[in-house]
Amino acid sequence: MQPLIIDDFIPEMYQKSIKDLLLGPEFSWIFAPYSVSQGSADEYFHIPEPHKEHIQFRHIFVYDGEIKSEWFKFIVPLLAAFESTTGKKIKSMYRIKANLLMPQSGTPVQQPHIDGMDLESGIHPAVGKTTLLYYVDDADGDTVLYNEYFTGEPIGELTKQQSVTPVKGRAIIFDSNQLHAGCCPVSSDYRLVINFVLDV
């Protein structure tokens with residue numbers, strides 16, 4: 001499918017409540033020393049510009065179909081908006097997580113990846129699933145979408161399709177196995193997104 005980019009994906013009151021929750025003092029974050037994967041995907045595909053892994057903070061709402069967070073109910077409006085926008089019923093939730101990135105030294109571009117990619121096992125659960133990427137706040141640190149889709153076979157050099165700038169309330173919906181890369185913020189204090197991988 002062609003990526004869908006939708007502004008004001010949910011009403012302002014929900015945008016505000018989600019932002020307040022994720023930036024609030026009671027919300028818990030887990031430190032991760034990498035943003036995408038512990039492995040390298042260079043044998044499968046590459047981009048000519050420099051890229052790197054970044055440290056990142058995460059909060060897991062759902063993993064492998066199981067709700068893991070007491071705060072899950074606050075993001076349900078995003079699932080309802082997904083069904084309303086696409087006309088598709090969500091069969092199951094593979095993974096839902098929030099990612100918090102702050103400015104870091106070096107290149108801002110992350111390693112290209114598909115959502116759910118497991119380099120060590122060779123399992124690629126992203127094939128056949130749909131990603132909803134929701135921007136919690138305005139920031140720099142674009143999401144780069146590439147023209148290529150990964151199914152486990154080597155691709156070679158990736159070609160850029162488009163870049164999407166984080167805007168509060170904006171969402172992107174695309175196939176989970178479409179290659180893409182996030183970018184670290186440079187001028188903003190943080191980049192905050194919620195990433196959904198869904199079966200529809």
Side-chain angles (χ1 to χ4, degrees), residues 1-7 9 32 34-54 56 58 60-65 78-79 81-99 101 107-135 141-167 170-184 191 193-200:
M1 67 177 283
Q2 279 295 108
L4 301 175
I5 302 169
I6 306 124
D7 287 336
F9 188 63
Y34 56 90
S35 51
V36 177
S37 172
Q38 296 185 67
S40 173
D42 290 342
E43 65 185 282
Y44 296 109
F45 44 78
H46 62 278
I47 55 174
E49 65 259 39
H51 58 281
K52 66 174 281 191
E53 287 285 5
H54 300 101
Q56 180 174 259
R58 298 175 180 165
I60 305 296
F61 289 100
V62 174
Y63 186 76
D64 203 13
L78 289 163
L79 295 168
F82 174 90
E83 291 189 334
S84 175
T85 299
T86 63
K88 297 179 180 178
K89 184 76 175 168
I90 297 169
K91 298 174 186 173
S92 63
M93 302 172 289
Y94 172 67
R95 187 192 70 199
I96 305 173
K97 65 186 179 89
N99 296 330
L101 275 171
T107 178
V109 182
Q110 296 177 340
Q111 175 176 285
H113 62 282
I114 61 174
D115 288 337
M117 184 170 182
D118 187 339
L119 292 169
E120 293 181 356
S121 70
I123 296 172
H124 310 292
V127 177
K129 293 183 172 59
T130 302
T131 290
L132 164 63
L133 184 64
Y134 174 77
Y135 297 112
D142 287 4
T143 301
V144 181
L145 297 168
Y146 299 97
N147 290 304
E148 290 74 23
Y149 293 75
F150 185 62
T151 58
E153 298 298 321
I155 292 172
E157 188 166 308
L158 303 184
T159 57
K160 182 177 173 181
Q161 181 187 90
Q162 60 182 310
S163 290
V164 183
T165 300
V167 172
R170 174 175 287 173
I172 317 174
I173 299 171
F174 57 98
D175 291 332
S176 297
N177 70 320
Q178 181 175 2
L179 281 147
H180 58 283
C183 295
C184 248
R191 177 186 188 265
V193 303
I194 306 176
N195 178 279
F196 299 71
V197 181
L198 307 169
D199 268 315
V200 295

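Remember, it's a predicted structure, so these values are computed and weren't measured experimentally. The chain is numbered in sequence order, starting from 1.
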Inset, instruction - Dump the intermediate steps for side chain to side chain contact (heavy atoms under 4.5 Å, CB included) on K52 and Q110, then the final yes or no. - result: CA-CA 5 Å; K52 66 174 281 191; Q110 296 177 340; over 6 Å; no

State, to 0.1 Å, how close [X] and [Y] come at their nearest heavy-atom pair, and which atoms those are.
| X | Y | answer |
| --- | --- | --- |
| F150 | V127 | O-CG2, 3.8 Å |
| F9 | F82 | CZ-N, 3.5 Å |
| A181 | P112 | CB-CA, 4.0 Å |
| G128 | D199 | O-OD1, 4.3 Å |
| L101 | Q56 | CG-OE1, 3.8 Å |

Apply side-chain contact (heavy atoms from CB on, under 4.5 Å) to [X] and list each qualifying residue two or more places apart in sequence or on a separate chain.
| X | result |
| --- | --- |
| L4 | M1, I6, I173 |
| L79 | F72, I90, M93, I96, F196, L198 |
| Q161 | Q2, P3, L145, N147, Q178 |

With no hydrogens and no angle check, is any side-chain donor or acceptor of [X] less than 3.5 Å from a backbone partner on [Y]?
| X | Y | answer |
| --- | --- | --- |
| E53 | S35 | yes |
| S176 | T131 | yes |
| Q111 | H51 | no |
| H54 | T107 | yes |

Legend entry - side chain to side chain contact (heavy atoms under 4.5 Å, CB included) between I155 and L179, worked out: CA-CA 11 Å; I155 292 172; L179 281 147; 3.5 Å; yes

Inset, instruction - Kindly indicate whether the side chain of D115, heavy atoms from C-beta on, has any atom under 4.5 Å from the side chain of R95. - result: yes

Legend entry - Pairwise side-chain contact, I5 with Q162, heavy-atom cut-off 4.5 Å (strictly under): yes

Legend entry - With Y146 via ring-ring contact (aromatic ring centres under 6.0 Å, His included) - residues at least two apart: none

Legend entry - Results of side chain to side chain donor-acceptor pair (under 3.5 Å) for T143 - residues two or more places apart only: Y135, R191

Legend entry - Counterpart residues, salt bridge (Lys or Arg N to Asp or Glu O under 4.0 Å), relative to D64 (two or more places apart): none

Inset, instruction - Could you check whether the rings of Y63 and Y94 sit parallel, tilted or perpendicular, using 30° and 60° as the cut-offs? - result: tilted

